[in-house]
Q: 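Before anything else, here's the structure in question.
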Protein chains: 2
Amino acid sequence: MTESIRDILASCGFFAEVREDSLDRLASMARRKHYVKGEQIFRQGEPCPGLFVVGAGSVRVFKTSPSGKEHVLHIIGPGETFAEVAVIGEFPCPAYAEAVQETSTVLLPSGPLIRELESNHALCLQLMRGMARWVRHLVSLMEDIVLRDAGERLARHLLEASAGESQPFALSQLKKDLASHLNLTSETLSRTLRRLADAGLIEQLGSQRLRIIRREELQHLADGVYPKL
Amino acid sequence: MTESIRDILASCGFFAEVREDSLDRLASMARRKHYVKGEQIFRQGEPCPGLFVVGAGSVRVFKTSPSGKEHVLHIIGPGETFAEVAVIGEFPCPAYAEAVQETSTVLLPSGPLIRELESNHALCLQLMRGMARWVRHLVSLMEDIVLRDAGERLARHLLEASAGESQPFALSQLKKDLASHLNLTSETLSRTLRRLADAGLIEQLGSQRLRIIRREELQHLADGVYPKL
DNA sequence: AGTCGTCCTTGACCTAGGTCAAGCCGCGCA
DNA sequence: TGCGCGGCTTGACCTAGGTCAAGGACGACT
C-alpha cells in the first residue's frame, strides 16, 4: 500500500524500458494522490492535471450524456495509466474519472512531463506504443458495440477476461459497470448471462465469479458462427 | 495529380515540423501507390505494409462483422494518413481499406519508418500528437454512438462538417458511408435528414450538398437540450 | 434518347434491447 | 440478530431504429 513513487512507476509497463536516470527524473516530478471510494479524480472538460499511474485500487473512466446516461470507457487497475492522451495532445480531460474503491495513484504533472518528452526519446517511443495499444483497444470495443449483438459482445468479453484458462475467474468490476462498458443495461447483461448459463456454456458462481464450461462453443458464439441462442 | 512524393509528404500535417533533411530521408524510402475506384488497399489481419499518406482521392477504412455488416471508421482525404497506428504498434492491419475513387497515395514502408522513428525525435513527437488527436476523435465518435440518438448524432456531425460557416457545403462522402460511420442505416439517415429539413433547421440542395439554416437550434439539438423533434 | 446501375427516399412492419416496477440477495453496521 | 441499502434478477411492456420492398433520381455508357 505504501509503495514508493519509484516502485509504482517501475511497475507500469509504460516506463519499463526507460533508463534509470530518467525514471529518477520522472519520480522527482511526481506527486502521490490518494482517493477515497467514489471520489472524483477529474471532470470532463477540466484542464488535464497530468498522467496518472494507478498504484492500488481502481479507477472508472466514463463519459456522460446530457440526458444523464453514462458510458464507462475503461476500468483502470494497478500498474495501468490514464489521461496520457490528454497530456500528449494537450487538450482538456475528455472524460470523467472517479475512484471505484480506495485508490492510490502517482500523478506526473503535464508541464514537466511534456518537457521531459521533448528530450527523452525512449520515453516518447514507449508512450507512442502505449497509445497505439489503446487505440487498438478502442477500435475493437467500437467494433463490438457497432457490429455485434449483446450475446456476441458478452461472449467476446468473457473469453478475453478469462485470460485463456478454464478456471473460475472474477469479473474485475461491478456488473453494472461491465454492462455500461459493453453498452448494455444491467438488466440485459443479467438476462444474457442467464441465457449463456442455461445453454450450459458458462456457470455462475456467486455474483462476481464465473467459469467458462464450453469454451469452444462460446468462441463460436463470439465469432457469430454459432446458431445464436 | 502527379505531385511528387516530397510534395505529398509536405502537404501532410504529420510531417509539418519535420526538418528538411529527414523529410528527404522519408521521401527516399517512400513509394507511390495508385488505386482505382473500389480497389482494396489492404485487408484486416494482413501484416501492415506501412503508413499511407493520401495525395489525391479518398479512402474508406472500415471493419466488417461475420454477418456482413460493415462499419466505416473513417474516410481519409488528401493530406491525411492512415495505418499509422498499426505501424507504430507493429500489429496487423486492424481494418479494411479501400479506395472510394481513383486515389494516389504515398506509402512509407513499416520497417524503414520504424527505424527512422528510433532516431528521429521530432517525427516521433509529431506522430504521437497525431495519434492523440485520432484517439480523441475515436472517443468522441464512440460517445456519439453510445450516448446520443440518431438526431443528436447527425446534428453534431453536420455542425462539425459545416466547419462553422453558414454557407452550403458538400458531404465529403456518400450518404450510405456517412450513415455507416454514424452507425445508422441509410434509411434512417434519410428520414432523420428529412425531419431536420421539415423542422426548418437545414435545407437539402441536391443529394450531396446542404446548408444549415438555424445553427443555433441545431446546436441545441446536438446538445440534447432541444425538445427533440 | 434509352438503358442500366447506383444511390437515395419512403412506407409498412418487426425486433433487440431499453424502461419500469417489483422482489431478492448479501453485506456492513448497530 | 435485525435492518437498510446497493446491487442483481426477473417479468411485462414499449420504442428507436432496423429490415424489407417498392419506387424515384441521376449519371455513365451505347
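Lettering follows sequence order; numbering is per chain, from 1. Every value quoted in this text rests on a predicted model; they were computed, and no experiment measured them.
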Q: Per the atom types in the model, does the base of C/dT10 pair as donor or acceptor with the side chain of B/R195 at under 3.5 Å?
A: no
Q: At under 4.0 Å, does any side-chain N or O of B/T185 touch on OP1 or OP2 of D/dG18?
A: yes
Q: Report yes if the side chains of B/F14 and B/E84 come closer than 4.5 Å at any heavy-atom pair, otherwise no.
A: yes
Q: In whole angstrom, give the distance that lies between atom CG of B/D149 and atom C1' of C/dG17.
A: 16 Å
Q: State, yes or no, whether a side-chain contact exists between B/T188 and B/T185 at a heavy-atom distance under 4.5 Å.
A: yes
Q: Quick one: which of D/dG18, C/dT10, D/dT10 gets closest to the side chain of B/S190?
A: C/dT10
Q: Quick one: B/R191 CZ to D/dG17 P, roughly how many Å, whole number?
A: 11 Å
Q: May I ask you to say what A/L189 touches in the nucleic acid, namely base, sugar-phosphate or nothing, with a heavy-atom cut-off under 4.0 Å?
A: nothing
Q: Could you check whether B/R136 makes a cation-pi contact with A/F91, meaning its NZ or CZ is under 6.0 Å from the centre of the six-membered ring and within 45° of the ring axis?
A: yes
Q: Starting at atom CZ of B/R209, determine the distance to atom P of D/dC26, rounded to an integer number of angstrom.
A: 15 Å
Q: Look at the side chain of A/T188 and decide which nucleotide, out of C/dG18, C/dT9, C/dC8, has an atom nearest to it.
A: C/dG18
Q: Once you measure the plane-to-plane angle for A/F52 and A/F42, does it fall in the parallel (<30°), tilted (30-60°) or perpendicular (>60°) bin?
A: tilted
Q: Of the listed nucleotides (C/dC8, C/dT10, D/dG18), which one gets closest to any side-chain atom of B/L184?
A: D/dG18
Q: Expressed as a whole number of angstroms, how long is the span from B/L205:CG to D/dA25:P?
A: 17 Å
Q: Measure NZ/A/K69 against P/C/dG18 and give the value in whole Å, please.
A: 7 Å
Q: Of all the choices, C/dT10, D/dC8, C/dT9, which nucleotide is nearest to the side chain of B/Q204 once you look at every atom?
A: C/dT9
Q: Out of C/dT19, C/dC8, D/dT9, which has the shortest distance to the side chain of B/K175?
A: C/dC8
Q: What is the distance from CD of B/Q101 to P of D/dG27, rounded to the nearest Å?
A: 16 Å
Q: Indicate the ring-plane relationship of A/H137 and A/H74, choosing parallel, tilted or perpendicular according to the 30° and 60° boundaries.
A: tilted
Q: Does B/E187 make a side-chain donor-acceptor contact with the base of D/dC20, cut-off 3.5 Å?
A: yes
Q: A/N183 near the nucleic acid: base, sugar-phosphate alone, or nothing, with a heavy-atom cut-off under 4.0 Å?
A: sugar-phosphate
Q: Which nucleotide, D/dG17, D/dT10, C/dC8, lies nearest any side-chain atom of B/R153?
A: D/dG17
Q: In whole Å, what is the span from the CZ atom of B/R148 to the P atom of D/dA16?
A: 18 Å
Q: To the nearest Å, how far apart are B/L193 CG and D/dG17 C1'?
A: 15 Å
